[in-house]
Amino acid sequence: MPPTEDEPRFEGLDWDEIQRSKRTVTAERAVLATGATLLALGVAYQASSPGLYLVGDWRPVALDWVFLLAATVLAAYGVVPLAKRLRRRPVSLRDLVRRRPGVALSGAFVAGLLAVGLVGPALGGSPPLRFQHAFHPPVGFASTVPPQECLGVETGGAFDRVCHGSWAYPLGTNKRGHPLGFLLVEGARTAAYVTVISAAFIVPLAAAVGVVAGVRGGVVDDLLSSYVDVQLCIPALLLYFVGYAYYGPSLLLLLATFGLLSWGGIARLVRSEVIQRREEGYVLVARSLGASGAYVARRHILPNSTNTLVPATFQLLALFVLVEAGVAFLGFHEIGTYSWGSTISESINAAVAGQLQEHADQPAYKIWWVSSLPAAALTATLVAFKTLGDGVRDALDPRGDRS
């Protein structure tokens, strides 16, 4: 007869995993060291040869190097531990799709977003300005705001000319004649940068502060909690505008200001979870056997706090993507950085802050594709992050399978 929930039972231990934790060279450290070395060589080579192109005509700038460093950190301490976890608890793709179709679809969407954002701009290049093709409608649709040069079928007379979509621009164009497909890919690149950089540098900081405050308690907890309280009182958007006034628009400045001032909420949640977990039986047993505070925090408390940390992390990432789009919608962004928010704003008849932006010349509903397509991409990204957060929480939670 199999044991019930109330009956005591022996738990299986992965001794290889325990022994591996004592090794100096681990898979995580090897990935981090290899990635950091390659990045250092790339930075040094670019400094000595300004004409370096990594992929296609992509010449990395400071933001690109920060993104690559963040991707290395995520690969080392995100992808590798997740792969180890899935290896111990293998889940077939078919079972995952059957049992959690929403999580599987969200994971595929986020993976596709990151892949398109990373590779797409380098492979597609930047199309030239074609004002004669401005507001070309998508394939299968017609527009009463015909471009100067319609590439599709034209109907109507001289004063009511209607332009039908052409495969030259499957998703239509904006007012500069840029294809919407190109703008969506560039927006995915911006969203990928926001996601990866935030996840690599901000979330570990929040988790570390929350765990240290919860485990140590006392004066350390008071100091860290007081700092978090003060930090949360400072509006990040106001600080970004101050930096904007001095340094101009910058995506790196936006991530720095929101990253430094927005992780307090996660730290609070982690601290509350840690305070509950530190009195659990397995933690008391580990301490009674002589385990250090750092070992207990790393091996027992932090893994058992994933049910709070992971969903909060994905919600924070979704919030950052939304904030970036909102700032770009208002016009406080770099003109050369295409964002879903800035594309949406092009079709709205509203005065926006930004000396180089103008009022839309046409009503928004007549050029609906300029705003609807990036808005749909932004909405799908936010929903995918929230859904995927629950799935990753279940995959990493050592207390059992929630699916």
Side-chain angles (χ1 to χ4, degrees), residues 58-67 70 113-114 116-118 120-121 124 126-127 129 173-199 201-202 235-262 316-361 364 367 370-379 381-382 385:
W58 180 44
R59 181 178 300 171
V61 295
L63 180 63
D64 298 322
W65 289 117
V66 174
F67 168 77
L113 172 72
L114 297 177
V116 170
L118 179 61
S126 181
L129 296 175
T173 63
N174 67 348
K175 66 179 181 181
R176 295 184 299 275
H178 280 157
L180 257 294
F182 163 74
L183 296 175
L184 291 178
V185 170
E186 288 289 335
R189 171 180 177 269
T190 303
Y193 272 43
V194 171
T195 301
V196 173
I197 293 175
S198 302
F201 300 126
I202 299 172
L237 189 60
L238 176 61
L239 187 63
Y240 172 72
F241 287 152
V242 173
Y244 176 90
Y246 283 94
Y247 304 105
S250 170
L251 180 58
L252 194 58
L253 175 64
L254 178 68
L255 293 176
T257 52
F258 275 86
L260 292 175
L261 300 177
S262 301
L316 182 65
L317 297 180
L319 176 64
F320 281 168
V321 172
L322 184 61
V323 166
E324 187 281 328
V327 171
F329 178 85
L330 296 175
F332 295 95
H333 72 294
E334 295 177 84
I335 298 300
T337 301
Y338 297 100
S339 168
W340 290 332
S342 62
T343 304
I344 295 173
S345 71
E346 292 181 358
S347 67
I348 305 298
N349 279 318
V352 293
Q355 298 178 355
L356 298 181
Q357 277 191 303
E358 301 173 351
H359 292 268
D361 298 327
I367 51 174
V370 181
S371 59
S372 299
L373 296 180
L378 179 60
T379 303
T381 301
L382 301 183
F385 272 124

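Quick caveat: nothing in here was measured; it's all calculated off a predicted structure. All residue numbers in this chain count up from 1 along the given sequence. Atom set for the values below is all heavy atoms of this structure, side chains included, hydrogens, waters and symmetry mates excluded.
Minimum interatomic distance between Ala192 and Leu114 (heavy atoms only, all atoms of both residues): CB-CD2, 3.8 Å. Pairing each heavy atom of Leu113 with each of Ala188, the nearest pair is CD1-CB, 3.5 Å. Scanning both residues, Val370 and Thr173, for their nearest heavy atoms gives CG2-O, 3.7 Å. In this structure, Phe320 and Ile202 approach most closely via the heavy-atom pair CE1-CD1, 3.5 Å. Taking all atoms of both residues into account, the shortest heavy-atom contact from Ala328 to His333 is O-ND1, 3.5 Å.
Between the side chain of Glu334 and the backbone N or O of Leu251 there is at least one donor-acceptor pair closer than 3.5 Å. Looking only at distances, no side-chain donor or acceptor of Ser198 sits under 3.5 Å from a matching main-chain atom of Thr195. The closest donor-acceptor contact from the side chain of Ser342 to the backbone of Tyr338 lies at 3.5 Å or more, if one exists at all.
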task: Using the side chain to side chain contact (heavy atoms under 4.5 Å, CB included) rule, take Leu183 and Trp340 through it: C-alpha gap first, then chi angles, then the decisive distance, then the call.
output: CA-CA 8 Å; Leu183 296 175; Trp340 290 332; over 6 Å; no

Show your reasoning for whether side chain to side chain contact (heavy atoms under 4.5 Å, CB included) applies to Leu184 and Thr343.
CA-CA 9 Å; Leu184 291 178; Thr343 304; over 6 Å; no

(request) Take Phe201 and Leu255, measure what side chain to side chain contact (heavy atoms under 4.5 Å, CB included) needs, and give me the verdict at the end. (result) CA-CA 10 Å; Phe201 300 126; Leu255 293 176; over 6 Å; no

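Contact annotation: the side chain of Val323 approaches that of Leu319 to within less than 4.5 Å [non-hydrogen atoms, C-beta and beyond]. Side-chain contact between Phe258 and Leu239 is absent, with no heavy atoms from C-beta onward closer than 4.5 Å. With contacts defined as side-chain heavy-atom distances shorter than 4.5 Å, the pair Leu180/Pro374 qualifies. Here the side chains of Arg189 and Val116 are not in contact, with every heavy-atom distance at 4.5 Å or above. Using a 4.5 Å heavy-atom cutoff, the side chains of Leu322 and Thr381 are not in contact.
Taking OG from Ser339 and CG from Leu378, the interatomic distance works out to 8.0 Å, rounded to the nearest 0.5 Å. The CG atom of Asn174 sits 11.5 Å away from atom CG of Leu373, with the distance rounded to the nearest 0.5 Å. Atom CG of residue Leu252 and atom CG of residue Asp64 lie 10.5 Å apart, to the nearest 0.5 angstrom.
Ring pair Phe241/Phe332: centre-to-centre distance below 6.0 Å.
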